[in-house]
Amino acid sequence: MMIYSVKQPGIAIRGSGLVFREKGTANPIQSCAIVSREKNSQRSLLSVQKPLHLSGVIGVGNLMKSVRCEKSDFAVCGAYEADKSEVEGGGGGGAEAPAAAKKVKIGLYFATWWALNVVFNIYNKKVLNAYPYPWLTSTLSLACGSLMMLISWATRIAEAPKTDLEFWKSLFPVAVAHTIGHVAATVSMSKVAVSFTHIIKSGEPAFSVLVSRFILGETFPVPVYLSLVPIIGGCALAAVTELNFNMTGFMGAMISNLAFVFRNIFSKKGMKGKSVSGMNYYACLSILSLAILTPIAIAVEGPQMWAAGYQTALSQIGPQFIWWVAAQSIFYHLYNQVSYMSLDEISPLTFSIGNTMKRISVIVSSIIIFRTPVQPVNALGAAIAVLGTFLYSQAKQ
């Protein structure tokens, strides 16, 4: 904001970048006029390189359309420099371009996030089929991502975040929820088909609404609550008709839903007012989650089980198994990193919607690649759940 003053007699002007014009000139946006109507007043014209828009005039007297100050010898005008696009295009296009660019940016984030997630799920299921130790598999995913980011910070490929004790305190509940959700989803996929896990996890918006309503005290329009009916009904129909139903796999997916809803809500709150970007935020989250998960994984499974299972997997699959483990760990970190870059730009509920729509590609690709047998009723349940998610997103808008 720049301040200009006009004083009588002998009009005095402080500041720069202001263009005065006579009334009736061709381009009303490129200049403005401050006219004194005192007796014997003189008009003064000052022209500079960049025009200014007046944001307000403070003075004694009546303000007319041409910004005239009557019966006053002093007027103070607030102004701001006009953007070139506003001067040439009439002021409307400048705001539309950044909005369109932001939509494209979010769209690219979502597309990359979904593609990376499909690749991760394929390799993750391959690893779990040959090596059924979900606690270690989850730990390796976090360890790989943590190592990648530490190397990036050390080599200055990425700028290291500036954190303090308060940051890590606010991050801790996010890390706990993330750890629970990650392990629960991995346990689920070790017991049932990838498609079934993601059909159940498509019910995440229902958990998001229920948590927001009963814990956070938020209210939603009636159509939002009605959209939960097909989501819950579709998931239930798919579960009942699943050929390879497993209670551990089903409960793992349900627990993962609840944990990730809390993670998304805590993340958005924790990122507000912080200078840490989404990419570095998730990197710090991985490091803290790794510290939480490692001792628990050792207690639940243990190095002896891991070593025996590794020898068995290596003898059955060969050296290719090592690539599978590396790929699932790398792609897990990448897809989550991109998702947190998306979370920088959107709300937790929008994030949940995008997360659910992503599952369509995961469900379809996993059924094709692993040749998962699907009954028509089971497919109908999945379709109803996905339709409910679409209706939910429309009701939210």
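Quick caveat: nothing in here was measured; it's all calculated off a predicted structure. Numbers here are sequence positions counted from 1.
The line from CD1 of Ile322 to CD of Gln320 is 11.0 Å long, rounded to the nearest 0.5 Å. The distance from the CD1 atom of Ile317 to the OG1 atom of Thr312 is 11.0 Å, given to the nearest 0.5 Å. The CE atom of Met149 sits 8.0 Å away from atom SG of Cys284, with the distance rounded to the nearest 0.5 Å. Atom CD1 in Ile369 sits 3.0 Å away from atom CD1 in Ile122 (nearest 0.5 Å). Distance check: Leu150 CG to Ser152 OG gives 8.5 Å after rounding to the nearest 0.5 Å. With values rounded to the nearest 0.5 angstrom, Leu391 atom CG is found 8.0 Å from Ile231 atom CD1.
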| Run the side chain to side chain contact (heavy atoms under 4.5 Å, CB included) check on Val240 and Phe245 step by step: do they pass? | CA-CA 8 Å; Val240 170; Phe245 180 84; over 6 Å; no

| request: Carefully, step by step, assess Tyr282 and His333 under the rule side chain to side chain contact (heavy atoms under 4.5 Å, CB included). | output: CA-CA 9 Å; Tyr282 179 71; His333 175 77; 3.5 Å; yes

| message | Please evaluate residues Trp168 and Phe172 with respect to the criterion ring pair (Phe, Tyr, Trp, His ring centres under 6.0 Å), reporting the C-alpha separation (whole Å), side-chain torsions for both, the decisive distance (0.1 Å), and the verdict. | response | CA-CA 6 Å; Trp168 292 100; Phe172 183 77; over 10 Å; no

| request: Please report the C-alpha distance between Val192 and Phe250 in whole Å, then the side-chain angles of each, then the deciding distance to 0.1 Å, and finally whether the side chain to side chain contact (heavy atoms under 4.5 Å, CB included) criterion is met. | output: CA-CA 8 Å; Val192 295; Phe250 174 75; over 6 Å; no

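Trp113 and Lys358 get closest at one heavy-atom pair: NE1-CD, 4.1 Å. The shortest non-hydrogen separation linking Ala239 to Phe196 is CA-CE1, 3.5 Å. In plain terms, the two heavy atoms of Pro134 and Ser190 that are nearest each other are CG-OG, 4.0 Å. The two residues Pro230 and Ile384 make their nearest non-hydrogen contact at O-CG2, 3.3 Å. Shortest non-hydrogen contact noted between Lys201 and Ala253 is CG-O, 3.9 Å. Nearest heavy-atom pair, Ser361 versus Trp114, reported as atom, atom and distance to 0.1 Å: OG-CB, 4.4 Å.
Between Phe321 and Trp324, the angle of the ring planes goes over 60°, which puts this pair in the perpendicular group of the 30/60° scheme. Relative ring orientation between Phe260 and His178 is described as tilted, the plane-to-plane angle lying within the 30° to 60° band.
Between the Glu301 side chain and the Leu136 main chain, a donor and an acceptor come within less than 3.5 Å of each other. The backbone N or O of Ala291 sits nowhere less than 3.5 Å from a side-chain atom of Thr294 that would complete a donor-acceptor pair. Between the side chain of Ser208 and the backbone N or O of Glu204 there is no donor-acceptor pair closer than 3.5 Å. Remark: the backbone N or O of Asn336 is paired with a side-chain donor or acceptor of Ser339 at under 3.5 angstrom. Although no hydrogens or angles enter the test, the distance criterion places no donor-acceptor pair under 3.5 Å between the side chain of Asn244 and the main chain of Ala193.
Neither Ile363 nor Val119 shares a network with the other; the hydrophobic side chains, linked directly or stepwise wherever heavy atoms of I, L, V, M, F, W or Y lie under 4.5 Å apart, form separate groups for each. Placement of Met247 and Ile255 within a single hydrophobic cluster is found when ILVMFWY residues are connected by side-chain heavy-atom separations under 4.5 Å, directly or transitively. A continuous path of Ile, Leu, Val, Met, Phe, Trp and Tyr side chains, each step under 4.5 Å between heavy atoms, connects Phe120 with Ile360, placing both in one hydrophobic cluster. Under a hydrophobic clustering in which Ile, Leu, Val, Met, Phe, Trp and Tyr are joined whenever their side-chain heavy atoms come within less than 4.5 Å, directly or via other members, Leu314 and Tyr123 fall into the same cluster. Linking Ile, Leu, Val, Met, Phe, Trp and Tyr whenever their side-chain heavy atoms come within less than 4.5 Å puts Val300 and Leu142 in one cluster.
The six-membered or imidazole ring of Tyr335 lies near that of Tyr332, with a centre-to-centre distance under 6.0 Å. Ring centroid separation for the pair Trp306 and Tyr310 does not come in under the 6.0 Å cut-off.
More than 12 non-hydrogen atoms from other residues, nucleotides or ligands lie less than 6.0 angstrom from CD of Gln375. Surrounding NZ of Lys125 are more than 12 heavy atoms belonging to other residues, nucleotides or ligands, all under 6.0 Å away.
Counting only heavy atoms from C-beta outward, the side chains of Pro303 and Ile298 approach each other to under 4.5 Å. The closest side-chain heavy-atom distance from Leu228 to Tyr392 is below 4.5 Å. Within the 4.5 Å cutoff, no side-chain heavy atoms of Phe262 are placed close to those of Phe207. Within the 4.5 Å cutoff, no side-chain heavy atoms of Val261 are placed close to those of Asn257. Between Ser188 and Ser256, every side-chain heavy-atom pair lies at or beyond the 4.5 Å cut-off. Side-chain atoms of Phe370 and Lys126, non-hydrogen and from C-beta on, do get closer than 4.5 Å to each other. The closest side-chain heavy-atom distance from Thr372 to Leu243 is not below 4.5 Å. At least one side-chain heavy atom of Val377 sits less than 4.5 Å from a side-chain heavy atom of Leu237.
Looking at His198 and Asn121, their side chains do bring a donor and an acceptor atom within 3.5 Å of each other. In the model, Ser138 has a side-chain atom that pairs as donor or acceptor with a side-chain atom of Thr186 under 3.5 Å.
Residue Val325 forms a side chain to side chain contact (heavy atoms under 4.5 Å, CB included) with just one option from Ile330, Val127, Thr137, and that option is Val127.
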